[in-house]
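A quick write-up on the structure given underneath.
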Amino acid sequence: MRIKSRYLSFLIFLVLYSQNLSLTEAQGPTTTGYACSTTQAVYPCQTYVLYRALAPDFLDLASIGDLFSVSRPTIAKPSNISNTTSPLLPDESLFVPISCGCNFINSTIGNISYAALNYTIKSGDTFWKVSTTNYQNLTTYQSVEVVNPNLVPTNLDIGSNAVFPVFCKCPNSTQLRNRTNYLVSYVYHPSDNFSSLASRFGSTVQSIIDVNGNNTQPFDTVFIPVSRLPGLSQPIVPPASPVSQRKNDRKGAVIGLGIGLGICGLLLIFVCGLWLHREALLKKKLAKGKDVEKQKFDRADRAPSKDAGVNLLADVSDYLDKYKVFGIEELREATDDFDESLVIQGSVYKGSINGELYAIKKMNWNAYEELKILQKVNHGNLVKLEGFCIDPEEANCYLVYEYVENGSLHSWLHGNKNDKLNWRTRLRIGIDVANGLQYIHEHTRPQVVHKDIKSSNILLDSKMRAKIANFGLAKSGCNAITMHIVGTQGYIAPEYLIDGVVSTKMDVFSFGVVLLELISGKEAIDEEGKVLWAKVDGVLEGTEDRKVKKMREWMDEYLLKETISMESVVNVMTVALACLSRDPSKRPSMVDIVYALCKSDDLYFDLSEEGSSPRSVVTAR
Ligand SMILES: *[C@@H]1O[C@H](CO)[C@@H](O)[C@H](O)[C@H]1NC(C)=O
Ligand SMILES: *[C@@H]1O[C@H](CO)[C@@H](O)[C@H](O)[C@H]1NC(C)=O
Ligand SMILES: *[C@@H]1O[C@H](CO)[C@@H](O)[C@H](O)[C@H]1NC(C)=O
Ligand SMILES: *[C@@H]1O[C@H](CO)[C@@H](O)[C@H](O)[C@H]1NC(C)=O
Ligand SMILES: *[C@@H]1O[C@H](CO)[C@@H](O)[C@H](O)[C@H]1NC(C)=O
Ligand SMILES: *[C@@H]1O[C@H](CO)[C@@H](O)[C@H](O)[C@H]1NC(C)=O
Ligand SMILES: *[C@@H]1O[C@H](CO)[C@@H](O)[C@H](O)[C@H]1NC(C)=O
Ligand SMILES: *[C@@H]1O[C@H](CO)[C@@H](O)[C@H](O)[C@H]1NC(C)=O
Ligand SMILES: *[C@@H]1O[C@H](CO)[C@@H](O)[C@H](O)[C@H]1NC(C)=O
Ligand SMILES: *[C@@H]1O[C@H](CO)[C@@H](O)[C@H](O)[C@H]1NC(C)=O
């Protein structure tokens, strides 16, 4: 008995010792981290680590999300997981997004690249244990010590915060040119080899060697160069190690079976697919819209670029939490597979999801800019983004907006609608748009410039209140100079055409043109290509009588049939002319404009109290 126990402790010693040995050997010289330089690559960048669900603590997206300080949907989307609350299978592979930075340590170590993850020390934790289990060797305890110089590794206080540096790299310019958009951090397992990794990730052996050298040891972090994340329907992890095979967990058995018997795995996927399809059919409550609204949007199919799609997932992953993420099947169903008859305009479709109407905009270029801007703004006079959808197969992105019932201002002013807008409604629309613009100019940091204000980008809801749509060209940040002139003829501020100067004052100019359209009922640019704003010079010169006479010539014929306050109209025209100053610095700010327009509304309101009934929003002809 005694001999036995001695023998046992000797065995334990041997095992521990050999483990220690292999540890020091395996870590090699790069234990403190991977050198980086901000001159060769752009840091920080968004990248991914391959993480495996791990029993017992990391078998759901919530706990893995906590570990990496990211939300569940940001892991679910790239990892091809539809239900963010359902438990994961042990060893299931996940792509977890991280933000990779290049950080200076000290003069001997220099700069190393890592994603800094906050971790709160719990009872029993050591740097080694957390690195090798929680973070699965995506970092090393040596590196943790280096980035936490204030913590004593042998005396960690429970509840104190440590930064765990998860190893990562950002692609350099050569790699970016060769379409390496990500260097996925992956822990090299004993059963891996570069050729198996290359085929699993859709990379090449040579490119993996170029990045990692040819001396990779088990449990080193390697960086796999890829142009896009591979799908995760097949397990990327190597076959389960003997340790995890021993777990007689039912789920473990299921996955083991899946790996062992490829055909069964395929069958499983097929059955899952069938089930999902049936689910989708059951959910179908499609109310096929028969009335095709003449709601106008702008064409979204500018500058289609093949490369744009590749970064789609990474770019939008920050927004997955904020908006509803629709499935491509859901949108196909909502729009009758993008049926022509449901086109609102350009590539915007009307769709019905669970009985709710939406405007669905298909973009075959990067929606990142528009998302970035829309997530900052929230105002009643701006069209609301409800969600989006990514179709990685075709590298398309779809933005799903609230559906605005009454279509564009352009269609009301210049279309052949029987109903016409009365002056009061036009004035309210002007004030609504001014309020929306004031909001984006004054209350967003950095400021947002819409860059494409025009009557077809102004939508009217059921109460004929206006909402600004289409932030596809918007820019955030001011006084930038663009080389690439965008916008719409007839609305573009002259200084932008000449110098490409982007400022809030260019929106003010375009808004002036919209006011002219409201007053005159004329299009911003006529059939001969003459712009409306060039014709207003001198309209308000001379005596009061001359002004009124001139205004009557200018006004929409339809408005002349109404009893309206000419003072109100002259007032709005004064605002419009100020907006249209050739010198941007002379144009008023949106704050002044809102104030001046509200005054015009008061003028009109006083009159309406006495007389006719302009209260009906739309007057029939
Ligand atoms: C090292 O990182 C710091 C930021 O932590 C950066 O400002 C500096 O440029 C980097 N140095 C090199 C050589 O990349
Ligand atoms: C997701 O999974 C959880 C737990 O398995 C389940 O309760 C929930 O209904 C699922 N949700 C959907 C939308 O399938
Ligand atoms: C990590 O913790 C520090 C200080 O506690 C905090 O300033 C920082 O924002 C945290 N980072 C993340 C990603 O939560
Ligand atoms: C991390 O590496 C150590 C050896 O250095 C190994 O024993 C351990 O199993 C690895 N952890 C994981 C999760 O693979
Ligand atoms: C840099 O940090 C390492 C690890 O903390 C330390 O061993 C080394 O002495 C430091 N070098 C300098 C110059 O501070
Ligand atoms: C980039 O691609 C070119 C041609 O495809 C190849 O010759 C070159 O070696 C590649 N460079 C790297 C760093 O992979
Ligand atoms: C790499 O691993 C795969 C299976 O994991 C194996 O079939 C293949 O022979 C290995 N290749 C080399 C060069 O070791
Ligand atoms: C980019 O990285 C690759 C692989 O590590 C290397 O061969 C190449 O020289 C680097 N290019 C630049 C510009 O640093
Ligand atoms: C690894 O690379 C070095 C130099 O890059 C080369 O001398 C050596 O032969 C390579 N070893 C193997 C096994 O390919
Ligand atoms: C996502 O998973 C489903 C079923 O598991 C599979 O059919 C599909 O191909 C996967 N998508 C990707 C992009 O891998």
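Every number for a ligand or one of its atoms is a count from 1 in the order of the listing.
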Any protein heavy atom < 4.0 Å from atom 7 (O) of ligand 5: no
Please identify which of these residues, Thr216, Ile224, Thr204, meets the side chain to side chain contact (heavy atoms under 4.5 Å, CB included) condition with Phe194. Thr216
Provide the number and element of each atom of ligand 8 under 4.0 Å from a heavy atom of Asp210. 4 (C), 5 (O)
What protein heavy atom is closest to atom 14 (O) of ligand 5, reported as residue, atom name and distance in Å? Asn106 ND2, 3.4 Å
Can Asp192 and Arg200 be counted as an ion pair, charged N to O under 4.0 angstrom? yes
Subset of ligand 5 atoms that lie under 4.0 Å from at least one heavy atom of Thr108: 1 (C), 8 (C), 10 (C), 11 (N), 12 (C), 13 (C)
From atom 2 (O) of ligand 5, is the closest protein heavy-atom distance below 4.0 Å? yes
Hey, does Asn137 come in under 3.5 Å of ligand 4, counting only N/O atoms on both sides? yes
When you measure from atom 4 (C) of ligand 5 to every protein heavy atom, which one gives the shortest distance, and what is it? Val146 CG2, 3.8 Å
If you measure from the SG of Cys102 to the SG of Cys170, is it under 2.5 Å? no
Plane angle bin for Tyr135 and Phe164 - parallel if under 30°, tilted between 30 and 60°, otherwise perpendicular: parallel
So for Ser107, does at least one of its heavy atoms come nearer than 4.0 angstrom to any atom of ligand 5? yes
Proximal ligand 5 atoms for Ile109, defined as those under 4.0 Å from one of its heavy atoms: 2 (O), 3 (C), 4 (C)
What do you reckon, does His189 have a nitrogen or oxygen under 3.5 Å from a nitrogen or oxygen of ligand 4? no
Could you tell me whether Lys169 sits above the aromatic face of Phe167, with NZ or CZ closer than 6.0 angstrom to the six-membered ring centre and within 45 degrees of the axis? no
Considering the heavy atoms of Asn172, write down every atom of ligand 8 situated less than 4.0 Å from one of them. 1 (C), 2 (O), 3 (C), 8 (C), 10 (C), 11 (N), 12 (C), 14 (O)
Using 0.5 Å steps for rounding, measure from the NE2 atom of His450 to the CD1 atom of Ile440. 6.5 Å
Val49 and its side chain to side chain contact (heavy atoms under 4.5 Å, CB included) partner, picked from Val187, Val184, Leu138: Leu138
Test applied, ring-ring contact (aromatic ring centres under 6.0 Å, His included); reference residue, Phe223; option that passes from Tyr34, Phe201, Tyr186: Tyr34
Where ligand 8 meets Gln40 - atom numbers and elements under 4.0 angstrom, heavy-atom basis: 14 (O)
